[in-house]
Amino acid sequence: MGDQVLDAPTKIGDVIDAQWRGLGEPGTWLDGAQRVAVVRAARSESSVSAAAPDSIEDVARLVAHRAATITAQTVDAIEASGIDRTTYVEIVGIVSRVTAIDTFERGIGRRPRALPDAVDGTPTRAMLPEARRRAGWVATVGAIGPPTALSSVGREAADQEALHDVLYLSYGGMSDLDADRGLHRTQMELVAARVSLLNDCLF
Amino acid sequence: MLRASAHQTGRPVELSAISHPDRDSLLPAGRELLAFTTALIRGGGDLSGARDRLCESVGIAGAVRAAAVAGNFQMMNRLVDATGVPIAPTLRAIADELDLGGRSRSGALTQNGGNTSRPRS
């Protein structure tokens, strides 16, 4: 097969295409240009210390390349630098999805996508009054867990869930331990566990 | 979830293969899945060759799904680590089973005395 690119199912491709375009659009707290800067930084190989990230680009690099080193103190320091926690959540959402998309496409043999085009416009600044700090380091709607970790920024939570659905399983479908989506659930979980181990993530 | 899925569906699985991919996971195409995943996440290796061998084992649809799942967990690992999603105490036993006892990860494998590491549920 050599360097043949594998075909992605239409459903995955459509979701990724739409989300990639959306990365350049005004978000909740970041404008289009800032969101593209986050994407660029997430893909950068530059080293970053968890000690004092004080720009959205620094935060993006930290989440992309050293997420396992982030602590509550790190998030406190980020907030003290002037990046509030809901903006931080938006950055985490963007970086996480960019990493997912780049990893998937590299896995099927595609070259990295060009950066999305930055679209003019104003962020929505949509606050969710029901989001509040519980356990964890950011506010959430309901108890914090993987499905709700980004819930203080509704758009990021929705996009993350949509990507989770097409790449892996829907949150509702996770109870199906006998699922088969090209691989059996056990095979999917083997891949998931290996990725998590390589990322030093115990969750 | 791997152990739960294997148990529920009556499939044998050797969990230590997750941290020691030279071992047999006992799952179909386990070696090829682990080799592909490692090459994809770590980089620097023969990803193309690993992809080809995976396709031979599980077909193109299976290989695409492996890439998709790997991508998803790249996303999930970052978002839980960056937001401080609590780690359940039961994961300690799983970490021991996977031979992760030597890892030091901001309190994830140790008791936290109200420190700034990930809170335990």
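Order of the sequence lines sets the chain letters (A, B, ...), proteins ahead of strands, with each chain counted from 1.
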> Given that the side chain runs from C-beta out, which part of A:Glu105 has a heavy atom under 4.5 Å from chain B: side chain, backbone, both or neither?
Replying inline: neither
>> Can you tell me which portion of A:Ile12 sits under 4.5 Å from chain B's heavy atoms? Options are side chain, backbone, both or neither.
In response: side chain
>> Out of A:Ala143, A:Gly182, A:Ser96, return the one with the most heavy atom pairs under 4.5 angstrom to chain B.
In response: A:Ser96
> Of the backbone (N, CA, C, O) and the side chain (C-beta and beyond), which part of A:Val138 lies under 4.5 Å from a heavy atom of chain B, both, or neither?
Replying inline: both
> Highest number of heavy-atom pairs under 4.5 Å with chain B: which of A:Met188, A:Arg85, A:Met174, A:His164?
Replying inline: A:His164
> Between the side chains of B:Gln74 and A:Asn199, is a donor N or O closer than 3.5 angstrom to an acceptor N or O?
Replying inline: yes
> Which region of A:Val63, side chain (C-beta onward) or backbone (N, CA, C, O), has a non-hydrogen atom less than 4.5 Å from a non-hydrogen atom of chain B, or is it both or neither?
Replying inline: both
> So which part of B:Val64 gets closer than 4.5 Å to some heavy atom of chain A, the side chain, the backbone, both or neither?
Replying inline: both
>> Please classify the contact of A:Asp102 with chain B as side chain, backbone, both or neither, using a heavy-atom distance under 4.5 Å.
In response: neither
>> I'd like to verify something: which residue of B:Gly62, B:Ala39, B:Gly30 has the highest number of heavy-atom pairs under 4.5 Å with chain A?
In response: B:Gly62
> With no hydrogens and no angle check, is any side-chain donor or acceptor of B:Arg31 less than 3.5 Å from a backbone partner on B:Asp22?
Replying inline: yes
> Measuring heavy-atom distances to chain A, does B:Leu40 have an atom under 4.5 Å in its side chain, in its backbone, in both, or in neither?
Replying inline: both
> Among side-chain atoms of A:Arg185 and B:Ser5, is any donor-acceptor pair under 3.5 angstrom?
Replying inline: no
> Just by distance, do the side chain of B:Arg51 and the backbone of A:Gly107 share a donor-acceptor pair under 3.5 Å?
Replying inline: yes
> With distance as the sole test, does A:Thr148 use its side chain to make a donor-acceptor pair with the main-chain N or O of A:Gly145 at under 3.5 Å?
Replying inline: yes
>> If you count heavy-atom pairs within less than 4.5 Å of chain A, which of B:Pro21, B:Ala50, B:Gly43 leads?
In response: B:Pro21
>> Surrounding CD of A:Glu130 (heavy atoms of other residues, nucleotides or ligands, distance under 6.0 Å), is the total greater than 12?
In response: yes
> With only heavy atoms counted, which part of B:Met1 is less than 4.5 Å from chain A, the side chain, the backbone, both or neither?
Replying inline: both
> Under 30°, 30 to 60°, or over 60°: which ring-plane class applies to B:Phe73 and A:Tyr168, parallel, tilted or perpendicular?
Replying inline: perpendicular
>> So for A:Val166, is it side chain, backbone, both, or neither that comes closer than 4.5 Å to the heavy atoms of chain B?
In response: backbone
> Can you tell me if B:Thr37 uses its side chain to pair, donor with acceptor, with the backbone of B:Leu34 under 3.5 Å?
Replying inline: no
> What part of B:Leu79 is in contact with chain A, defined as an atom under 4.5 angstrom from a non-hydrogen atom: side chain, backbone, both or neither?
Replying inline: both
>> Just so I understand: if I count every heavy-atom pair under 4.5 Å between each of A:Leu150, A:Asp180, A:Thr99 and chain B, which residue has the most?
In response: A:Thr99
> Is any side-chain heavy atom of A:Leu183 closer than 4.5 Å to a side-chain heavy atom of B:Val69?
Replying inline: no
> Between A:Arg194, A:Glu189, A:Gln187, which shows the greatest number of heavy-atom pairs under 4.5 Å with chain B?
Replying inline: A:Arg194
>> To the nearest 0.5 Å, what is the distance between CG on A:Leu23 and CD on A:Gln19?
In response: 7.0 Å
